[in-house]
Amino acid sequence: MIVELAPRFLTWDDVDPTRQAFDATSVARTVRSLGPARCVPIRPDIPFGDPAMSAWSRGEAETWADAMSFALVQHYGRWTVGWRWSHDEGDFDGGPVGNWCCPRDSITTPEETLTRVEAALREWRDWLEYLVGWFEAYPLDLSDIESQRILWERSARNLILQVVDRTGCGSGWHGHCRQVLTWFLDHWGVSPEVARGLIDEAIGGRFHSWTGPDTVVVDDVAEQLALSLRPADGRGGADAPAQDHVRRWLAVRESVPWHEIPDGGADGPVVPLRDGAAQDIRAFDGAIAPARAQGLLSALELLRVDAARGARLDFTLLSSWQRHVLDTPRPPQFRTAPAFAKRSRERYGIGPDTRARFDACLAGSASDDGRPLGLTARAARACLDVCFFHPFDDGNARSAFLTLVFVLAREGVALDGVSLLRRISFEADAPQDPLILVRYINIHLAETRRRAAGSTGSASR
């Protein structure tokens, strides 16, 4: 699972400033040209300790900050999500940014808020450029590791100290330290998967929140990391055969114990106090672009009509919704070429039977009296089918979300919140991801039932 707007998931490929164009002189103009700049929420004039302030911060304000992150990613690239990675316990723990804290503290008036966004984005970019300068201080060669270990050790030690200084060793600072060390090794050719294991082993749980590491510990971590490197730790060759993540997903799909997953939908239909899907679309997508939100809302309305009539879920049905999502004159066709996602880390192949296999998978979203599978498991599985078959040339994440909503709606279930189900993505070959998605659906469904029951109880008294 990858939280799309969380900086701790950023790879060196995502953030390498030598590959990401950025004009610092135009940041103010760019930020103000983005959709969220036209609808900055204004902080209510109530005490910070008031529950209403917490609700505003976690709701309207955080959704706006997410929309701004998304808009920046669309304009500049995924590297920009680090603009909210503040020190200590801000939006994300233990980051290097001081110009942003969190929605409650950093969103004030529109002008002040946008100025903070600009400053935070520049600060994050400056940090990335500073890091690559340190990475390049010594031209390191993994194939000649034996004669260069002292240089690898010195570089690692300096980087740890730089992260210590930049983050202030607040809550979670060591997470960013691990990330920076991984970026450093990746930059010089070490496989990121190998790098993470070597770094965790070298640190050995000796870095802690709110505590700066002793010099002896820093020296030992750097030494252990340098000593553990081997020429074989390098990335695979560029000529490695292309992966087909449709096939990899189908293998994972077969291995997931779907029938053993707890089903939050077992208690039958539920009518929420509010339409969580529509509310999120209006707040998040509407902040990005009103037309984007309108397209999704039109598709949402259509899918609920289809759900009420018990429509069969297949590509043709998805395409009828996707016409509104993408604002095309006709329903879009199934893709005809391989597709890519996650900066091309996932490749979805295409063959003569791909669409037929996709429709066969989606057919499993319906209730089966012979071997019943829980509703929330079926909804999660259908959502991931759309993610990893990647049927459209564009808008697949939105299509996957609508698919999840449809499968629930077809059995009379709606949610009053969807915050855990959007702004996240999943990996085709990660067997734990389907379980995480089902758990998130169950959490939202339990909360929806609880609030609906509480309202009914209040009304009856």
Heavy-atom side-chain proximity of W127 to V163 below 4.5 angstrom: yes
Side-chain heavy-atom pair V405, L415 within 4.5 angstrom cut-off: no
R247, CZ atom: more than 12 neighbouring heavy atoms under 6.0 Å: no
V418 side chain reached by Y440 side chain, heavy atoms, under 4.5 Å: no
Test salt bridge (charged side-chain N to carboxylate O under 4.0 Å, His left out) applied to R166 and D126, step by step: CA-CA 12 Å; R166 187 62 68 110; D126 287 346; over 6 Å; no
Criterion side chain to side chain contact (heavy atoms under 4.5 Å, CB included) on E427 and E346, from CA distance to verdict: CA-CA 8 Å; E427 296 173 280; E346 288 192 354; 3.8 Å; yes
Donor-acceptor contact below 3.5 Å, side chain R78 vs main chain E4: yes
Presence of salt bridge, R125 and E129, under 4.0 angstrom: yes
Verdict with reasoning, V97 to R84, per side chain to side chain contact (heavy atoms under 4.5 Å, CB included): CA-CA 7 Å; V97 173; R84 292 165 63 190; over 6 Å; no
Check ion pair D280-R423 (N to O, under 4.0 angstrom): yes
Sidechain-backbone polar pair: R335 side chain, H390 backbone, donor-acceptor under 3.5 Å: yes
Steps toward side chain to side chain donor-acceptor pair (under 3.5 Å) verdict (D14, T11): CA-CA 5 Å; D14 290 327; T11 66; 3.1 Å; yes
L121 CG to M68 CE distance, which is reported to the nearest 0.5 Å: 10.0 Å
CD-CZ distance between Q333 and F315, expressed to the nearest 0.5 angstrom: 6.5 Å
T167 vs H174, side chain to side chain contact (heavy atoms under 4.5 Å, CB included): CA-CA, chis, key distance, verdict: CA-CA 9 Å; T167 63; H174 43 84; over 6 Å; no
Check: F392 main-chain N/O paired with N396 side-chain donor or acceptor under 3.5 Å: yes
Value rounded to 0.5 Å, distance of CG in L384 from SG in C361: 11.0 Å
Distance in Å, T376 OG1 paired with L445 CG, rounded so as to fall on 0.5 Å steps: 7.5 Å
Minimal non-hydrogen separation, A299 against L402, with atom names: CB-CD1, 3.8 Å
Backbone N/O of L128 and side chain of W183: donor-acceptor pair under 3.5 Å: no
Within-4.5 Å side-chain heavy-atom neighbours: E411 and R378: yes
S365 side-chain N/O to L362 backbone N/O, donor-acceptor pair under 3.5 Å: yes
Listed once per pair and sorted, the salt bridge (Lys or Arg N to Asp or Glu O under 4.0 Å) pairs that draw on residues 380-389, sequence neighbours left out: R253-D385
Nearest heavy-atom neighbours spanning N442 and G264: OD1-N, 2.7 Å
Side-chain touch F22/T30, heavy atoms, less than 4.5 angstrom: no
More than 12 heavy atoms of other groups within 6.0 Å of E201 CD: no
D306 and R309: CA distance, side-chain angles, deciding distance, salt bridge (charged side-chain N to carboxylate O under 4.0 Å, His left out) verdict: CA-CA 5 Å; D306 291 332; R309 65 180 178 86; 3.1 Å; yes
Check: G77 main-chain N/O paired with T80 side-chain donor or acceptor under 3.5 Å: yes
Any side-chain donor near an acceptor of the partner, T18 and D16, under 3.5 Å: yes
Sole candidate of L185, I145, L198 that passes side-chain contact (heavy atoms from CB on, under 4.5 Å) when paired with D233: L198
Side chains of R312 and L317 in contact at under 4.5 Å (non-hydrogen atoms): no
Parallel, tilted or perpendicular: rings of Y348 and H245 (30°, 60°): perpendicular
Heavy-atom pair with the smallest gap, counting every atom of L181 and A156: CD2-O, 4.0 Å
Pair H176-Q179, side-chain donor/acceptor within less than 3.5 Å: yes
Centroid-centroid distance, F70 to F284, less than 6.0 Å: yes
Backbone of L420 reached by a side-chain donor or acceptor of H444 within 3.5 Å: yes
Check: D93 main-chain N/O paired with S171 side-chain donor or acceptor under 3.5 Å: no
Heavy-atom donor-acceptor pair, R343 side chain to F340 backbone, under 3.5 Å: no
Residues D13, R345; criterion side chain to side chain contact (heavy atoms under 4.5 Å, CB included); working and verdict: CA-CA 10 Å; D13 187 49; R345 291 192 292 272; 4.2 Å; yes
R248 NZ/CZ over F388 ring centroid, <6.0 Å and within 45° of normal: no
Polar side-chain atom of S209 near backbone of G172 as donor-acceptor pair, under 3.5 Å: yes
Nearest-0.5 Å distance, CH2 of residue W79 to CH2 of residue W124: 9.5 Å
Step-by-step ring-ring contact (aromatic ring centres under 6.0 Å, His included) determination, F389 to W249: CA-CA 8 Å; F389 274 89; W249 160 241; 8.4 Å; no
Minimum-distance pair of heavy atoms, taken over all atoms of T182 and P192: CG2-O, 4.2 Å
side-chain hydrogen bond (donor to acceptor under 3.5 Å, both in side chains) partners of E62, counting only residues at least two apart: none
Donor-acceptor side-chain pairing of Y138 and Q148 below 3.5 angstrom: no
Any L421 side-chain heavy atom under 4.5 Å of L437 side chain: yes
I199 CD1 to I160 CD1 distance, which is reported to the nearest 0.5 Å: 9.0 Å
Heavy-atom closest pair, residues Q224 and A202: CB-CB, 4.1 Å
Nearest atoms (heavy-atom pairs only) where C101 meets S86: O-OG, 3.0 Å
Within the 6.0 Å centroid threshold, strictly below: Y76 and W83: no
4.5 Å side-chain heavy-atom contact, L373 and D263: no
